[in-house]
Amino acid sequence: MSGEQELGITESKEYNTGEWYAEVVQKAKLADYAPMGGFIVTRPRGYELWERLQDHLDGWFKETGVTNSYFPLFIPESYLEQEKDIVEGFDPEVAWVTHGGHDELEERLAVRPTSESIITPFISDWVRSHRDLPMRLNQWASVVRWEATETKPFFRTKEFLWQEGHTAHATNEGAWDEVMTRLDQYAKLYEDVLAIPVLRGSKPEHDKFPGADTTTSVEALMPDGKSVQGGTSHHLGQSFAEAYDVTFTDEDEDEQTAYTTSWGLSWRALGALIMTHSDDQGLVLPPALAPEQVVIVPIYNDENREEVMQYSSEIAAELQEAGVRVHLDDRDERNPGFKFNEWELNGVPVRFEIGGYEVEDEEVTVVHRPDGEEVVEDRADIADAVEEHLDAVFDKLYAAAEENLVENVRAVEDVNEILGTIGQHGGYVKTPWCGDDACEEAVKEKVHAEIVLVPMDDEAVPEAQLDDGEALELESDECTMCGEPAEEIAYFAKTY
RNA sequence: GGGCCGGUGGGGUAGCUUGGUAACCUUCAGCGUUUGGGACGCUGUACCCCCGGUUCAAAUCCGGGCCGGCCCA
């Protein structure tokens, strides 16, 4: 008995979140640590999550005018230097290639920390007239940012997988539409696929992407009260177009400078997914991403083995026919209890238990991963029923995450209360803000929390939150920190 | 960036204080018996993180490094 725990999760999500997370990632076979600090190896089960996420997002991109392409891993130093904000913003964390074989290179090559500086010059080449616009390129790639922080698989690694979209537009409005389209798609990915509600907003001045006019993001609240920047979409204005000479001839034959955008979402989304839904039993996955949506565990003995297996395989075949990713766990050397635990650790959303009782009564016992709820369904309409169960699991996951978000947005109009509230509960604290960095700094120094977003409009507030009326209404129109007239509503939170 | 803790078969640990034979649980592979919440028996499986030092002798002591986790800025 003493050793049985070691196969499963031994750390507590609530009390030991960091170690729990590391254990889930490794024991559910999503990733391992690489030999060099800051890098991880993504294992097939982890990569499959990324692939399914990609499928969704990539499909939406293509439906909205984006084409995929691929640019080099290396960027010549002279290219990187053409946009001064990029240089300043990323310089401390760029990895450089200085040698090819035994010979020193004439020009150092940066390992891309982001690709504006190599993609924009080509957009410049390829755009001649207004008829070439808008131009929308995306690439699925990895980038390297040499930060000296501790490794957290999917959340913080020196190299990470992401997609980066780069677009050019004839007008400012065109670029704005683009920025919002991508932000909406990121929100949709989180909410409809990952079952994680997000807040949408823009970043304060100092936290913008280097060189951007506006940086927008979707933010997700983790169960430990910290906010994760889930995806970003930048309006770059004309600064990149000017730096890299993206110009075009308009309808009146005048030369114009384009407006550009860029937007990215990384595998940090997987980190948020794991952190949000998983529990002390292991990984929990929403049906849309799960490598197996349904696992069938047959329960038999010597007498009924054949009937049970027959019955189970027929159901498996029927589900597969219906487009469900189903796995029949027919391993003879493991007993059912072991299989239950193992598939729970692996996060499979729905389990079918099929034994002598089910065969006899022409039924299936259906169990939901998130809460262990058990329902007996008729064999006859199992293919329809399974869709409902998958939806039900999604709804449970979303509801739990939404509850966490709604309960943890608080309105505060006193500085000390901001500090106290964040210290005690974590989560988001919204407060009127004059827009001055110094006022944010005053809070940041004391509680290690910063402004993670300024909502763009009221829609940034989740619907359920509106019911909760009075506690969330802000009375004051003065900056909580300095008393000057407030320009915006700031959301403070601790971050990853 | 500062501090603390850790690294021993695939996973989890003991051994380190007091230097000398690496022990236990589990997984894994094979065979047999089992099978409604982590079954059982037998058999098999070791670069003690790396480099250097001290020593007749280092998992153990010393120095440096690498990797991970936690706390603080």
Side-chain angles (χ1 to χ4, degrees), chain A residues 1-41 43 92-93 146-158 224 226 275 279-282 295-309 311-312 328-346 348 351-361 363-369 371-376 419 423 441-450 494-496:
Chain A
M1 288 304 269
S2 64
E4 78 185 33
Q5 288 269 0
E6 287 149 20
L7 265 179
I9 302 301
T10 60
E11 299 288 351
S12 153
K13 181 179 189 180
E14 189 177 353
Y15 299 107
N16 231 342
T17 311
E19 287 170 17
W20 165 85
Y21 179 82
E23 198 178 19
V24 170
V25 165
Q26 290 177 92
K27 290 198 169 167
K29 298 188 168 68
L30 301 179
D32 270 329
Y33 291 98
M36 324 80 81
F39 292 82
I40 59 167
V41 174
R43 303 181 64 174
E93 50 195 53
W146 210 269
E147 299 175 89
T149 43
E150 59 269 29
T151 310
K152 191 163 219 172
F154 303 118
F155 274 112
R156 189 169 292 120
T157 49
K158 289 192 173 85
D224 62 357
K226 293 186 191 167
M275 184 69 87
D279 58 25
D280 288 354
Q281 205 62 29
V295 63
I296 301 179
V297 176
I299 302 159
Y300 49 73
N301 52 41
D302 276 346
E303 280 84 63
N304 65 15
R305 171 199 212 97
E306 231 167 83
E307 299 92 272
V308 169
M309 286 310 295
Y311 186 84
S312 300
L328 171 57
D329 189 350
D330 59 0
R331 289 175 299 177
D332 194 38
E333 67 277 11
R334 302 260 73 132
N335 62 23
F338 183 95
K339 294 176 181 177
F340 296 164
N341 281 289
E342 189 175 70
W343 290 112
E344 282 164 11
L345 174 63
N346 286 335
V348 180
R351 176 175 74 234
F352 284 6
E353 300 180 6
I354 296 177
Y357 312 147
E358 283 79 5
V359 174
E360 193 169 324
D361 300 341
E363 290 171 343
V364 175
T365 297
V366 179
V367 183
H368 294 179
R369 169 65 179 86
D371 58 358
E373 185 187 354
E374 242 181 80
V375 180
V376 176
L419 306 179
E441 203 59 38
V443 171
K444 206 172 176 177
E445 269 174 26
K446 292 186 180 131
V447 282
H448 206 62
E450 57 191 281
K494 293 189 178 181
T495 63
Y496 268 89

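Every chain is numbered from 1, with letters handed out A, B, ... down the list of sequences. Everything quoted here is computed from the prediction, not taken from an experiment.
A distance of 7.0 Å separates CD of E358(A) from OH of Y311(A), quoted to the nearest 0.5 Å. Taking CE from M309(A) and CG from D330(A), the interatomic distance works out to 5.0 Å, rounded to the nearest 0.5 Å. Expressed to the nearest 0.5 Å, how far CZ of F154(A) lies from CD1 of I40(A) amounts to 4.5 Å.
Using a 4.0 Å heavy-atom distance criterion, E344(A) is classed as a base contact. Among the protein residues, G38(A) comes within range of the sugar-phosphate backbone only, with heavy atoms under 4.0 Å from sugar or phosphate atoms but none that close to a base. Contact annotation for R351(A): base contact, defined as any heavy-atom pair under 4.0 Å involving a base atom. If you check every strand for non-hydrogen atoms under 4.0 Å, G355(A) touches a base.
In this structure, K446(A) places its NZ atom where only 12 or fewer heavy-atom neighbours from other residues, nucleotides or ligands lie under 6.0 Å away. With a 6.0 Å radius and a threshold of 12 heavy atoms from other residues, nucleotides or ligands, E93(A) has its CD atom above the threshold.
Note: CD1 (I40(A)) to P (C67(B)) measures 15 Å, nearest angstrom. For D330(A) and U35(B), the CG to C1' distance is 14 Å, given to the nearest whole Å. Following rounding to the nearest Å, N341(A) (CG) and U35(B) (C1') show an atom-to-atom distance of 15 Å. Between the C1' atom of G1(B) and the CD atom of E93(A) lies a distance of 15 Å, rounded to the nearest Å. Summarising the geometry, the separation between CD on E11(A) and C1' on G6(B) is reported as 13 Å, rounded to the nearest angstrom. Between the CD atom of E342(A) and the P atom of G10(B) there is a distance of 19 Å, rounded to whole Å. Atom C1' of nucleotide G36(B) and atom CD of E303(A) are separated by 15 Å, given to the nearest angstrom. The nearest whole Å value for the distance from the CD atom in E333(A) to the C1' atom in C42(B) is 18 Å.
Taking the nucleotide of RNA chain B with the nearest heavy atom to each of P35(A) and R305(A), the more 5' of the two is matched to R305(A). Comparing N301(A) and R334(A), the nucleotide of RNA chain B nearest to each residue sits closer to the 5' end for R334(A).
Remark: the separation of the C1' atoms in C25(B) and U45(B) is 16 Å, to the nearest Å. Comparing U54(B) with G15(B), their P atoms are spaced 29 Å from each other, to the whole Å. U60(B) and U21(B) have their P atoms separated by 12 Å, given to the nearest Å. Comparing the P positions of C62(B) and G19(B) gives a spacing of 12 Å, expressed to the nearest Å. Here the separation of C31(B) from G12(B), taken at their C1' atoms, is 27 Å to the nearest Å. Going from the P atom of G52(B) to that of A59(B) covers 14 Å, rounded to whole Å. Going from the C1' atom of G36(B) to that of C48(B) covers 43 Å, rounded to whole Å. Distance check on atom C1': C49(B) versus A58(B) gives 15 Å, rounded to whole Å.
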Could you please spell out the steps behind the side-chain contact (heavy atoms from CB on, under 4.5 Å) verdict for I299(A) and V308(A)? CA-CA 7 Å; I299(A) 302 159; V308(A) 169; 5.8 Å; no

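Across all strands shown, C24(B) forms a Watson-Crick or G-U wobble pair with G12(B), both key distances being under 3.5 Å. When Watson-Crick and G-U wobble pairs are counted only if both distances are under 3.5 Å, C47(B) pairs with no nucleotide at all. Across all strands shown, G53(B) is found opposite C61(B) as a Watson-Crick or G-U wobble partner, with both distances under 3.5 Å. Within the shown strands, C67(B) is the pairing partner of G6(B) under the Watson-Crick or G-U definition, both distances less than 3.5 Å. Under the Watson-Crick and G-U wobble criteria, each requiring two contacts below 3.5 Å, nucleotide G32(B) is paired to C40(B).
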Do any N or O atoms of the protein come closer than 3.5 Å to N or O atoms of nucleotides 69-73 of chain B, and which pairs are they?
from, atom 1, to, atom 2, distance (Å)
G69(B), OP1, Y33(A), OH, 2.8
G69(B), OP1, T151(A), O, 2.8
G69(B), OP2, T151(A), O, 3.2
G69(B), O2', E19(A), OE2, 2.5

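Taking 4.0 Å as the cut-off between side-chain N and carboxylate O, D332(A) and R305(A) count as a salt-bridged pair.
There is a side-chain donor-acceptor pair under 3.5 Å between D224(A) and Y496(A).
The side chain of F340(A) lies closest to G37(B) when the candidates are G37(B), G38(B), U34(B).
You'll find a donor-acceptor pair under 3.5 Å spanning the side chain of E358(A) and the base of G36(B), going by distance alone.
D279(A) meets the salt bridge (charged side-chain N to carboxylate O under 4.0 Å, His left out) test with R369(A); sequence neighbours excluded.
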